[in-house]
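Values in this document were obtained by computation on a predicted structure and should not be read as measured data.
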Amino acid sequence: QVQLVESGGGLVQAGGSLRLSCAASGRTFSSYAMGWFRQAPGKEHEFITRISGSGGSTYYADSVKGRFTISRDNAKNTVYLQMNSLKPEDTAVYYCAADKSIVRHTTTSEYDYWGQGTQVTVSS
C-alpha cells in the first residue's frame, strides 16, 4: 500500500511558477514510476508527465513540454512538479499517482495509487 499526499498548489498569475510536491509513504517508493495528472472543471483527467522509478526516464504531454519538469528524490520519498510559464488553461486540480509497471502508462486506470489532489489556479 502506498499513500500519496500532494502539496504546493495555490493561486498564481499567468507567467508565474509553482512547485508541487507529492510525498509517499512506504519503503518501496523507488519501485514505482510516478505520474502527474490534472483535472479541470467539467473535463476528464489529463496526463501531464511521468518519471521512472530511478528518475532516469521522463515523459511529458505536449501541452506542458518545455514548461513543466518532473523530478524525484527517492531518499525523501517525494516527487516534484516544477511548473513555469503558467497559463490560465493550466488551472486544475493536480494529482500524483504511483504505477508499479515499467510500461509508460498515460491513462488513469493504469495507475495503482492516487493522492487527494491539490488545486492550482492561474489568473489572467
Looking only at heavy atoms, which two atoms of [X] and [Y] are closest? And how far apart?
{"X": "Ser101", "Y": "Val103", "result": "OG-N, 2.9 Å"}
{"X": "Ala92", "Y": "Gln119", "result": "O-NE2, 3.4 Å"}
{"X": "Thr91", "Y": "Val122", "result": "OG1-N, 2.9 Å"}
{"X": "Thr28", "Y": "Ser31", "result": "O-OG, 2.6 Å"}
{"X": "Leu4", "Y": "Ala24", "result": "CD2-CB, 3.6 Å"}

Practice prompt. Any pair with a residue in residues 49-68 that passes ring-ring contact (aromatic ring centres under 6.0 Å, His included), sequence neighbours left out, goes on the list, sorted by first then second residue, please.
Written response: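 Checked against ring-ring contact (aromatic ring centres under 6.0 Å, His included) - neighbours excluded - the pairs reaching residues 49-68 are Phe47-Tyr59.
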Worksheet item: Can you list the residues that meet the side chain to side chain contact (heavy atoms under 4.5 Å, CB included) rule with Ser71, with sequence neighbours excluded?
Response: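 Result, side chain to side chain contact (heavy atoms under 4.5 Å, CB included) vs Ser71: Tyr80.
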Worksheet item: Of all residues at least two apart in sequence or in a different chain, which pass the side chain to side chain contact (heavy atoms under 4.5 Å, CB included) check with Ser7?
Response: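 Ser7 satisfies side chain to side chain contact (heavy atoms under 4.5 Å, CB included) with Ser21 only.
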Worksheet entry | Gln3, CD atom: more than 12 neighbouring heavy atoms under 6.0 Å |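 Check fails, neighbour count at 12 or below.
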Worksheet item: Crowded around Ile102 CD1? As in, over 12 foreign heavy atoms under 6.0 Å?
Response: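 Count not over threshold, so no.
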Discussion item. Grouping I, L, V, M, F, W and Y whenever their side-chain heavy atoms are under 4.5 Å apart, do Leu20 and Val12 come out in a common cluster?
Written reply: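 Yes: a chain of side-chain contacts under 4.5 Å links Leu20 to Val12.
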Worksheet item: Same cluster for Tyr113 and Ile51 if Ile/Leu/Val/Met/Phe/Trp/Tyr side chains link at under 4.5 Å?
Response: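 The answer is yes; both residues are in one hydrophobic cluster.
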Discussion item. Would Met83 and Val120 count as a side-chain contact (heavy atoms from CB on, under 4.5 Å) here? Give the steps.
Written reply: CA-CA 10 Å; Met83 305 185 295; Val120 171; 3.9 Å; yes
Please table the atom pairs, donor to acceptor, closer than 3.5 Å between any side-chain atom in residues 36-43 and protein atoms at least two apart or in another chain.
residue, atom, partner, partner atom, Å
Arg38, NE, Glu46, OE1, 2.7
Arg38, NH1, Asp90, OD1, 2.8
Arg38, NH1, Tyr94, OH, 2.9
Arg38, NH2, Glu46, OE1, 3.3
Gln39, NE2, Lys43, O, 3.0

Worksheet item: By salt bridge (Lys or Arg N to Asp or Glu O under 4.0 Å), which residues pair with Lys65, not counting sequence neighbours?
Response: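 Residues passing salt bridge (Lys or Arg N to Asp or Glu O under 4.0 Å) with Lys65: Asp62.
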Discussion item. If the condition is salt bridge (Lys or Arg N to Asp or Glu O under 4.0 Å), which residues does Arg72 pass it with, not counting sequence neighbours?
Written reply: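 Not a single residue meets the salt bridge (Lys or Arg N to Asp or Glu O under 4.0 Å) criterion with Arg72.
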Please name all residues satisfying side chain to side chain donor-acceptor pair (under 3.5 Å) with [X], sequence neighbours left out, ordered by chain then number.
{"X": "Thr107", "value": "Glu110"}
{"X": "Lys76", "value": "none"}
{"X": "Tyr95", "value": "none"}
{"X": "Ser17", "value": "Asn84"}

Worksheet entry | Qualifying salt bridge (charged side-chain N to carboxylate O under 4.0 Å, His left out) pairs with a residue from residues 91-100, counting only residues at least two apart or across chains |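 Pairs touching residues 91-100 that pass the test: Arg50-Asp99.
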Worksheet entry | Residue pairs passing the salt bridge (charged side-chain N to carboxylate O under 4.0 Å, His left out) test where at least one lies in residues 51-61, sequence neighbours excluded |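 Salt bridge (charged side-chain N to carboxylate O under 4.0 Å, His left out) check on residues 51-61 returns no pairs.
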Just how far is it from atom [atom1] of [X] to atom [atom2] of [Y], taken to the nearest 0.5 Å?
{"X": "Thr49", "Y": "Ile70", "atom1": "OG1", "atom2": "CD1", "value": "4.0 Å"}
{"X": "Gln13", "Y": "Ser123", "atom1": "CD", "atom2": "OG", "value": "5.0 Å"}
{"X": "Ser63", "Y": "Glu89", "atom1": "OG", "atom2": "CD", "value": "9.5 Å"}

Can any side-chain N or O of [X] pair as donor or acceptor with the backbone N or O of [Y] at less than 3.5 Å?
{"X": "Tyr111", "Y": "Thr106", "answer": "no"}
{"X": "Asp73", "Y": "Val79", "answer": "no"}
{"X": "Glu6", "Y": "Gly117", "answer": "yes"}

Worksheet item: If we only count heavy atoms from C-beta on, is the Leu86 to Leu18 side-chain gap below 4.5 Å?
Response: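 Leu86 reaches Leu18 side chain to side chain.
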